[in-house]
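Here is the structure we will look at.
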Amino acid sequence: MNSVIKVENLSKMYRLGLVGRRTIAEDLTRFWAKFTGKEDPYLKVGETNVRAVKGRSDFVWALKNINFDINDGERYGIIGKNGAGKSTLLKILSRVASPTTGNIKVKGRVASLLEVGTGFHPELTGRDNIFLNGSILGMSQDEIKSKFDSIVDFSGVERYIDTPVKRYSSGMYVRLAFAVAAHLEPEILIVDEVLAVGDAEFQKKCLGKMHDVSEKEGRTVIFVSHNLHAIKILCQKTLILNNGELFANGNTEEVLSMYHELNRDIKIGADTEVDNIKSRRGNGFIRFTSIDALDFSGKSRYTFEHGEPVRFKISFRTYKEMNGVTLTIAVMSGLSRECLTLAHHEITRQKLDAGITGEAVVEFSNLNIKPGEYPLHFELTDIVYNGYSKDVIDDLTPPLVIKAGDKVKDSEFDPEKPSGFFLTPSKLILNELNENVMEVKNI
Amino acid sequence: MKKSQSESEWTLEIKPVSGWFNFHLKDVWKYRDLLFMFVKRDFVSVYKQTILGPFWFFLQPILTTITFTIVFGNIAKIPTDGIPPILFYMSGIVCWGYFSDCLTRTSSTFITNANIFGKVYFPRLVSPLSNIISLLMKFGIQMILLIGFLIYFKMNGSDVNPNIYILLTPYLILLMAGLGLGFGIIVSSLTTKYRDFTFLVSFGVQLLMYATPVIYPLSALPEKYKWIVLANPMTSIVDTFRYAFLGAGTFNAGNLLYTSVFVVLILSIGIIVFNRVEKTFMDTV
């Protein structure tokens, strides 16, 4: 194993707030310190980068003392909450931003896809944009020429290739852009959440392409995503960033379980922290005050063995008058976000005044889904659904984790293969082979 | 032993910004295809969806020339060294236009390209370089217009004498491009953090035109102020250009040498500052 990227003591400091007259004073102080041979005074006042907490200093460490190695041909995932420093790290890796201290050593050509279609010009035709975008990404004219047909083929927009891209649908635009990027041949490919934009088919295509690039051509891939399922499928190794620091680094399987631990301390409550959940919506007439998953003995946990009963305990508070309360809990699939199963229960038919609190426990006695991670969806509404929901939490972190237990042998599933969601027992009833050789015609 | 061997194979080291003198001129050469593509993009997209298209390139200097002829020639009665005012002003406008376009366009490099620069690495110098090259198209078209007028006036017996110094034109263009680029990238480096300089450029260029013999000949200048205008590196360029095409004014090799040294200096400073800023600008822009 040969290391192709070596990150040593990497730190990056940002200054918050506006650029104004004060920054001139800071620049001068910094210049003076440098001139007299002292250390930059502002490096000392940097604070850990916690997004939600108000700090004392205007200077924060977006990354602090990051060290890791990436070996030749590895697929590496980077995960972390919003503002954890993922994009900063990628920007430094792709030479768009410079580190404050520390360094990175790289072996081989790096291509980074922080966005698809960088530099596309709306007035130019698809053909011209392939050349333009390819050059921006570092391909030579000859290289693009030789790959042109296969780029057009991959994109599937051949009919529009001589039309200005401003006439494209957004999907076609992305397809063309990704097609160019997919034909880059760097030793190291850096990809940032491009998957977020396309449809399911496109996402699969992207993941497949990244897998191929690494598996067949032995290239190194660094992939940043919030989609843990995609990380799990693609990456052998993963690192977690938390508040600018390296929280964990190792095999994806182990690291992901640590990530859930990291997120576990997000308590769902009515007032402050629930509002930090990005995926919450509704009019706030009624709100969840807590959500928890419990096992049979009433202990709180999110990891269950297959076949084990799962209970969800929720409490809520009304903020406006409610015409009864219904609770919906849905178990979703990790990648395609389809609803696998749904529990829908009336809590009460009574009219409720504001300020009333309540609690409910729902049990799934036999959640017959195969081992994996499942995002959860919670919803509170009136008894009569009148067009809008009162409080919806789309993506609860941590998701529900189902593990293979005694009832499922490890051999029966392969987490690499998306082989359906349900574990339905089946038997081979007929098994016959006709030993007589028949003539086979080539059609 | 094996470790030290692999250490030496690193192809790239990403470090904090330090030093002022690490250029990527080699990198710029490697990205010449991109330079070409940027120029092509500018060519194709400038007058997309306009009805008059490249005709605008003609219209702009013609209207300016007419205005100048009326205001400065007929009303203010500024002498033109005995040359038909139209030719006199147009030659000045064409030259000055190219320089000021280069300057204003390159001075916003970082701000207008912040989006691309924030996503992909390539030598940032490619971007202002492509600007000055694509602006040559406009300059070229306006030159054709100027030559057209020149021929017309010559045939009608005006006293204009194009001469051998026309061969200096490519060098003059190079000087203008270098000057515009040098100033432009210095300004663009400064504007990443403090936008104050954008305001300075927009009216500074306008004011500077009056310190250049665009609307008046050098000979019409009182001795007292002559040194100010001569200190302006654009002066000898416009003057030489006019001398070559119209045969009026003076050719002064010393002044041209001064401008050449000035250009080399400003361009060097520009590239040094630009290279320094290109690594940190994402944090401040």
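In what follows, every heavy atom counts, from backbone to side chain, and hydrogens, waters and symmetry copies are set aside. Predicted model, so just to flag it, every value in this text is computed and none were measured. So you know, we letter chains A, B, ... as the sequences are listed, proteins then strands, and number each from 1.
The shortest non-hydrogen separation linking A:Ser94 to B:Tyr121 is O-CB, 3.3 Å. Closest approach of A:Val106 and B:Ile14 over heavy atoms only: CG2-CD1, 4.3 Å.
The NE2 atom of A:His121 lies 11.5 Å from the CE atom of B:Met37; values are rounded to the nearest 0.5 Å. Rounding to the nearest 0.5 angstrom, the gap separating the CD1 atom in A:Ile104 from the CH2 atom in B:Trp10 is 11.0 Å.
Residue contact with chain A, scored on non-hydrogen atoms closer than 4.5 Å, involves the side chain of B:Arg124 exclusively. Of the two parts of B:Phe117, only the backbone, made up of N, CA, C and O, holds a non-hydrogen atom closer than 4.5 Å to a non-hydrogen atom of chain A. When heavy atoms are compared at a cutoff of 4.5 Å, A:Ile92 approaches chain B by way of both its backbone and its side chain. In this structure, the portions of A:Phe131 lying under 4.5 Å from any heavy atom of chain B include both its backbone and its side chain. With a 4.5 angstrom heavy-atom cutoff, A:Ile144 does not touch chain B via any of its atoms. Neither the backbone nor the side chain of A:Val7 comes within contact range of chain B; no heavy atoms are under 4.5 Å apart.
Side-chain contact check for B:Arg41 versus A:Asn129: every heavy-atom pair is 4.5 Å or farther apart.
A side chain to side chain contact (heavy atoms under 4.5 Å, CB included) with B:Val120 is found for exactly one of A:Leu137, A:Val96, A:Leu114, A:Leu113, namely A:Leu137.
Sparse packing is recorded around OH of A:Tyr160, with 12 or fewer heavy atoms of other residues, nucleotides or ligands lying under 6.0 Å away. Other residues, nucleotides and ligands contribute over 12 non-hydrogen atoms within 6.0 Å of the CZ atom of A:Phe148.
Of all the listed residues (A:Ala111, A:Gly138, A:Gly108), the one sharing the greatest number of non-hydrogen pairs under 4.5 Å with chain B is A:Gly108. Ranking B:Lys30, B:Glu13, B:Lys119 against chain A, the residue ahead of the rest is B:Lys119, based on heavy-atom pairs under 4.5 Å.
Of the possible donor and acceptor atoms, none in the side chain of B:Asp33 sits under 3.5 Å from a partner among the backbone N and O of A:Ser140.
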| task | Please assess A:Asp128 against B:Lys40 for the test salt bridge (charged side-chain N to carboxylate O under 4.0 Å, His left out), listing each intermediate value before the final yes or no. | result | CA-CA 9 Å; A:Asp128 287 342; B:Lys40 193 177 165 198; 3.6 Å; yes
